[in-house]
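Below is one structure; the comments refer to it alone.
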Amino acid sequence: MSTATDGERTGLQARVRRRAERLRDFVDDTSPGALVTIAVIAASLLAAFVGFLLVSSLTVVPFIVFLAASGYGWLRHQEETALILTLTTTVSTLLILGLIIVFIFLESVPVVQYESATVFGVTVPGLRMFIETRWDAVSSPVRYSMVPMIHGTVMVTIIATAVAAPLGVAAALFLSEIAPAVVREFVKPGVEILAGIPSIVYGFIGFTVLSPWASDQFDLTGQGTYLFVGVVVGLMALPTVVSVAEDALSSVPESMKSGSLAVGTTDWQTMTSITLPAAFSGVSAAVLLGVGRAIGETMAATVMLRGVPRLTEPLVNVFYGQETLTSLIARNYGEADGLQLDALFIAGVILFVTVLFISIGAQYIEWRMRRKLGGEA
Amino acid sequence: MAGATRSKLVEAETTGTDAVAAGAVGLSAILFVLSLAALFETVTISEPVAGIPVVTLIGGLLVLLGGAVITFGVGSRLGYVETQPSSGAGLIAAAVAGVAWFTVAGGAASQTLGLGTVGGVAGGVVVGGVAFAAAALTREDIGSTVPIGSLSLLTGLVFIADVIGPTWIWDLGWEQSASLTAEFVIPVATLFSTLFAGWAAAKAYGGFGARGRRMGAYTLIYLNALSIVAFLFILVAFVVVQGVPGLMTGVQFGAGVGPETTLFGFTFTWPIYVPFVMNGVALLNDFQGVLPAIVGTIWLVIGAVLFAVPLGVGAAVFLTEYAERGRFTQAVEVATNGLWSTPSIVFGLFGFAFLVPRFGNQKSLLAGMLTLGFMLLPLVVITSREAMIAVPDEYRDASVALGVTKWDTIRSVVLPAALPGVVTGVILGVGRIAGETAPILLTMAGGTFVPGAQTVDVIGGFEFTATPPFVANPELLQATSALPYQLFALITAGVGLGDNVTDPQGFRWATALVLLIVVLSFYAIGIATRYYFRSKLRYE
Amino acid sequence: MSETETTQTEEKRSDQPLQTTAGETEEETRPEWIDYRFDGKSKLTSESLDVFYGDDHAIKGVSMDIPENSVTALIGPSGCGKSTFLRCLNRMNDRIKAARIDGSVKLEGEEIYQDGVNLVELRKRVGMVFQSPNPFPKSIRDNISYGPRKHGDIEKGLVAKLLGRSDEEKEDELVERCLRDAALWDEVKDRLDDNALGLSGGQQQRLCIARALATDPEVLLMDEPASALDPIATSKIEDLIHKLSEDYTVVIVTHNMQQAARISDQTAVFLTGGELVEYGDTDKIFENPESQRVEDYISGKFG
Amino acid sequence: MSETETTQTEEKRSDQPLQTTAGETEEETRPEWIDYRFDGKSKLTSESLDVFYGDDHAIKGVSMDIPENSVTALIGPSGCGKSTFLRCLNRMNDRIKAARIDGSVKLEGEEIYQDGVNLVELRKRVGMVFQSPNPFPKSIRDNISYGPRKHGDIEKGLVAKLLGRSDEEKEDELVERCLRDAALWDEVKDRLDDNALGLSGGQQQRLCIARALATDPEVLLMDEPASALDPIATSKIEDLIHKLSEDYTVVIVTHNMQQAARISDQTAVFLTGGELVEYGDTDKIFENPESQRVEDYISGKFG
Amino acid sequence: SGQSGDSGSGGNSGGEGGGSTSTATDAPESGSGESMEGETESSSSSGSSSSLLTAEGSSTVYPISNKGSSYWNSNAPPSDGEYWGSNSESTVPGWSEIETDMLIADYFASQFGFEPTEQRSSPPFPTTVGLSHSGTGCEAVVDGLVDIGNSSGPITAELDWSEERRDETVVDNVVGRDGQPVVVSADVSEAGVTQLTGEQVRQIFQGEVSNWSELEGVDYDQEIFVIGRAEGSGTDTSFRLNMLGDADAPMEVDTRQGQNQQVAQLVQQNEGAIAYMALAFTGESVIPIGIDFEGTLYEPDPDAENTIFDSDYPLNRDLHMYTLIEESNPNGGGRDRREAAFINMFLTEFGQTVFVEQNNYIPLPTSDLEEFKSQLEPLMA
Ligand SMILES: Nc1ncnc2c1ncn2[C@@H]1O[C@H](COP(=O)(O)OP(=O)(O)OP(=O)(O)O)[C@@H](O)[C@H]1O
Ligand SMILES: Nc1ncnc2c1ncn2[C@@H]1O[C@H](COP(=O)(O)OP(=O)(O)OP(=O)(O)O)[C@@H](O)[C@H]1O
Ligand SMILES: [Mg+2]
Ligand SMILES: [Mg+2]
Ligand SMILES: O=P([O-])([O-])[O-]
């Protein structure tokens, strides 16, 4: 590993050189007409994009050029035009992620400055949002602490995971290993349909049926509990867990399962000792993705929660439900302006970064699993 | 292998003792249903059935269940029942028993004995520890029946003895009042005792050992699957039952009762009139409806699909067919997966910050379309990629070996073969975005009660102008309504405002039902497409 | 079964009755339909066995009697149903949803296709090694001891350790014996705790054989165990099979006729369509087959 | 290439240069390194060809000269590099990312591994049939006419129809000729518009051969074209190959030595490690091989 | 006969729309069979002066402005007493002042120079009303996103503006008044809480008491469920301003809801609840209570001596429809003709009765109406 940097550098150089070579080959192999066409396509599209970013009314001109060039290219140089167009679409996908990052981060800058805090003489921008617990956008001192919402999100997510993970993994096992073909044909679409039920419908039922019921059962003052928001969100995350975990379980090679059965084990022993351990990474990725879903769930939380950014007392009091990061945004974007609006973007940033990390983590785990099953471990 | 034992190749007939275990499983099933009914107040726990209060009845059944489970376990240990127990019940069973007893003992110590939190925890740890040890360290037939059976026994006795009666309540003493009431605790305690005991009984029925564990686990797993399906069924049925009255108000059948529609110059009159989906909200209506929201949803979906599908399929083509696997493809993969898991509200924020200022600085249909398009995009990329990767390389090789160029191969061989997968993915994705509220809340949401006359009309909205950009479409640049948003607005703003809606609650449920129907139709189409293509691709 | 404590060693194998209703099955009459007669006891007997995959008739009325403690080879062109037949012998075909099986297979006279057959027990007695090596993604040691642990013959794990019931010595003994039997011990003895997926293909295949031996089966079914191996690994496995036939009944599928000729005592030739065309002593089949089709096949006219 | 409008028929074959910059390559000298000399013209010539998959050296310095209008068989144990070598002959290996190729292959004296080679043109001239049948999921007719349509030799489709340029007759003619050549016409003539995936394995394989013939190649590379087939289908394909060798140069990989002996004019024996051990007239190789290893291999001592 | 989206249904199932069938046939030239596409097309493509008039904001003003908008978009004929409020049986106050045979929107629009369409459901220009809160409405109108910003709190408090800035930027069209009530749930009312002192209300909303029994003279052991409106809503701002003394006064509530209706629903669904809202949303189980301000008890009963409908009730507030002053229309004091035509409808005696009073709000005195009329003179046709 000592020569890692060295190796990397030469690797990088080699890569750059290869890239350049390939580009030169491409230019050599391509007719001048095609080259001009794709150059025009690329340039006009870039111009249109820049125009759009700058809110220019001229955006449409390069866009029309782009359409015309693409049309011409399609007729005359289809091979090259297809390449450049598909490349463009790919770059756009990356670009969208980039734009999301840039825009929600940019919008949240002012509140980060406002909420600076000084620790040990060092002023850390944004720190106060995480060390104080007060959110009050109206009466002074105006504070935009994220702590209550983070607490709410954590509570909801924990409860949701406690619901979705075991039930989801069990259902995935059922679908991939146990269910007879006929049953499977019914249950699997059923789970998919469950994923399709709009969250606002869950929220509506939660608000009108579940919340008053819970208020009654637990003798609560008013309605709106993390417990039942968590349960509802858990049910909503369930299909994600089931389908990803099922994929992982069924990607365990049949030969491994047969191998276990052939030494005379029950299918349950095979599942617990071979299939689940082999698919463990995939199953944990499924749970992680389910967690991601739960964190990002908005509407059910918005209509069921109380909408007061405050910590519950004690912190484990699941019978009260104040606010989550998502519901804060959905509830307040309308009347918010200035710093308060920026604070909503901070909530968005926290959500986005958390879920992005979870997603990357899940992908890493899955990648490792694939490698392991490929025999490289 | 010294000590290896052979069991019989062919199993014996069911015996009387098996019947006991089977009976216990059946009893658990009854109790399970009963506790659910009590939890949702279909059965009131304080009311008597045949002269016995339900609580006492439940208690009695629990005692019976616990007794049966323990008896079977002890009987097996003493050799009266023929089983094949392993040497221990296993860590998981032990942990379950430990936690259950910890909860019970902790609660009892702190509340009934009044020892407070510390005492509660201490008592819980001691009793839970004993239960854990009893389950872990004894032979399986004892370990998996006695700790769990006695839990059920105890719970039953507590109910019978009225220690926890219908009026019992435990104020948690937390800042805002929150209490555990008998209405909740009794059904839930019954539910858990029953689940545990049912599992132990199923294990016993399987004769413990490998087969017993399989039996126990399968019982729970089947129950879980059944519950999920039942939950889905109940959910949908509930919305249907609640929504149908509102949806059906004012429905008429017969020639000429419906509104007129002109399609391709041909005008016809609908033979059915469903005001709820054919009207907007207006003063002159007999019945109010949500037509503008339905049309808004349809246009949203069309816009999102037009944006995301070409982009997504194009990207998938590039990634699978052109790009070499490397940093770049990896980055795109991470990005698409990241986008896929990005919360919808974040897309909403992004649309709010990025699109709204660029489309006339106001919420608009176009902004909503694009925001949903952004959401749909990663799904299209992922599913299209999967579909294209699944196209066997043989097809590509065959085409290339015939001297066909790359793009021609993609167009004529890869894309057609991948089409089913792409289509299914898109339809399922559309189902998801059609029900999304959060993103359009921030980017598109228009009026709450939209008159039918303001139903968005994208095609009719195109205008041709003499100056660039030559075409304009004010309809696209205006806010409109969509079903999920409409439902949200109805929840938050209510419907009691218009004088014309006689049954506001029915109106809301009907909106929920229509939304559900729209979204689930997409799913149904998606799933059906998949079946169709799958059967077609398998080829006979 | 917990009460029956038969000690099974290699020397003394339990030939206890397989059915509770023991009785008539124990007579040693060779079925009268058989046209191949051998000395010694018969172990596995299939009678007019048919297998369908959906509408596809993969095995057509195969009747065959397999003698104990010998090597029986199944040969035939690709797709003729060798693997299918082999998998019928320990009911591994039950795993394939599309498969439907008609007819009878008897293990020591006891029907394995009847209600109430304990599949776990059957597969313990009739072990199997698959065409491509399929070790578990566990350590080499755990691969071997997996079966016995699941059967409760070896106790291991945290609880067992706490109770002092851990059978570590027994496990070590077992692992060593099985690996020696599979001619793998010397190569892996220093890395028993490494992941088995790190072994080479040939080593993996031998590990799978060792794994099958660990549950002490009476019959060992092998589906082309050397198909993916180099000549050296192949010859090791052939030697091993030869040695195993002293204690076990071995049934082996191979696509390599020379291999069949080298290692088997009896050979059964299947031809396309799932028919058993000829079955008899290996020498006879290879030197003097009765059917012209078998002769064509063996001399390489097709396949 | 869209500008060149050569009409290709069997009589008049377009031997247009592979390179845009045609040049010196046309002299007809047999390479002097060759140790196998045959009568007639040589079609394909490889010279010290090396193939690496990553670090794995799959083909080691293979030099070989393949005569025109004859059948050349490549045989050898599994994994010895037969398929790899075959795929080098029309640069299908370019599609494998890991593969790196050194050395030279000449088609009628023209180097195919040099810059500026038109791969589309090369593969039109050197057709290929793969080991497992891989028809497109289209109708039988479309499978055959796919290549010519893509090359613009046949116009079809909505636009062509609207313009009145649809070459339906020409297409029908082509389809019939190719299917007849591939000995498939009689079996499928009544269902040309059915999906090709509905054909049996052997029929699919012959369809793939017909498809390859449709682009009118000079050389036909076949990778174990009969490996998955029953004897009857196999013998049909063998007859077909025999017939094809009148007009085409056929190179065939097979794992079946008897098959190689039956159908080929020359045989090349590869052995594990990717070496070409012996190459010569088929009769000589099978009756009197020079190398002991080849003799061992042919007599079934291993493999 | 066919029907377009919102003209009455073919059936005659009574209710409020009972007469619509006949009216639809009364106006054959209206082309009532025309498809929706036709309608919207004509409305969106005929120049900016007849383009959609948009309003947005306060949920308190919403009932007024939405009802007005419904009337406007229906463009009903005067013979349809159901909507005009005047028929053979009764006459709304102000009817005599109008007395026209034009359709309703045609009538009000034509006063400001718009061509009558003479078609039901097709006013000279359509209107739409969005529902959110006052703060949003104020901002939207200032940003030029909508034509009219509804607000139940003064824009000065909503956006923290000075009065000068207000006068320079917007026109304050006051369309009615609200006697903002404090409401309790039915159980609280049954427990005898029918009035509180101002101080007690303040204590409740600033978290100083948490159980009803802690209040003097109340014998009801029940946690108080304190419901607030969203921060930024006019109702919240007014409540802080008028009850707690400052638009930024601190509050402590158990839950905050976006709109009045949702507050009403929560009060209905829960026990021990107390909330502040707009008059239009009170009901049988959302019960207003009397409040005693320094000895003066303002009762919810309109017939009492001092009532919450009185203008000196401290929580009493104006309901605004702000319009932006644009340089393009200097004549109407900053209003353009569409805005003037629409708002004018509310500021007639007819409008005050139908849109304000019938929604349980307090109509404006005649003097205010007349002043408004004089401001609009220059725009009138
Ligand atoms: N799971 C399955 N589903 C459907 N058909 C199957 C299945 N497995 C095998 N078959 C079919 O059954 C027939 C016999 O297959 P089998 O695998 O037993 O052949 P085999 O003799 O082992 O061939 P090989 O030498 O190639 O392994 C073949 O036609 C095969 O296509
Ligand atoms: N795509 C590839 N990537 C890496 N290694 C490869 C690849 N294809 C083949 N190899 C390796 O190259 C060697 C030769 O493979 P090849 O497929 O040419 O053998 P073959 O003679 O055709 O064998 P068979 O008779 O089994 O088809 C083998 O060791 C194989 O593992
Ligand atoms: Mg096989
Ligand atoms: Mg090969
Ligand atoms: O009138 P508001 O909705 O802003 O309270």
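By convention in this document, chain letters (A, B, ...) are assigned in the order of the sequence lines, proteins followed by strands, and residues within each chain are numbered from 1.
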Is there side-chain contact between K138(C) and I274(A), with at least one heavy-atom pair below 4.5 Å? yes
Highest number of heavy-atom pairs under 4.5 Å with chain C among A181(A), P180(A), S255(A) belongs to S255(A)
Between the CG atom in L261(A) and the CG atom in D94(C), the distance rounded to the nearest 0.5 Å is 10.0 Å
Whether over 12 other heavy atoms sit under 6.0 Å from D55(C) CG: no
Working to the nearest 0.5 Å, report the span between CD of Q269(A) and NE2 of H151(C). 7.0 Å
Close side-chain approach of M256(A) and P137(C), heavy atoms under 4.5 Å: yes
Provide the closest heavy-atom pair for Y146(C) versus S260(A) in the form atom of the first, atom of the second, distance. OH-OG, 2.7 Å
Can you tell me how far OG of S258(A) sits from CZ of R95(C), rounded to the nearest 0.5 angstrom? 5.5 Å
Tell me whether K124(C) contacts the main-chain N or O of T265(A) through its side chain, where contact means a donor paired with an acceptor under 3.5 Å. no
Chain A contact via R211(C) - which portion, at a heavy-atom distance below 4.5 Å: both
Residues G259(A) and F130(C): closest non-hydrogen pair is CA-CE1, 3.8 Å
R123(C)/V263(A) under side-chain contact (heavy atoms from CB on, under 4.5 Å): CA gap, chis, key distance, verdict: CA-CA 6 Å; R123(C) 292 177 187 150; V263(A) 296; over 6 Å; no
Within a 6.0 Å radius of atom CZ on F52(C), are there more than 12 heavy atoms belonging to other residues, nucleotides or ligands? yes
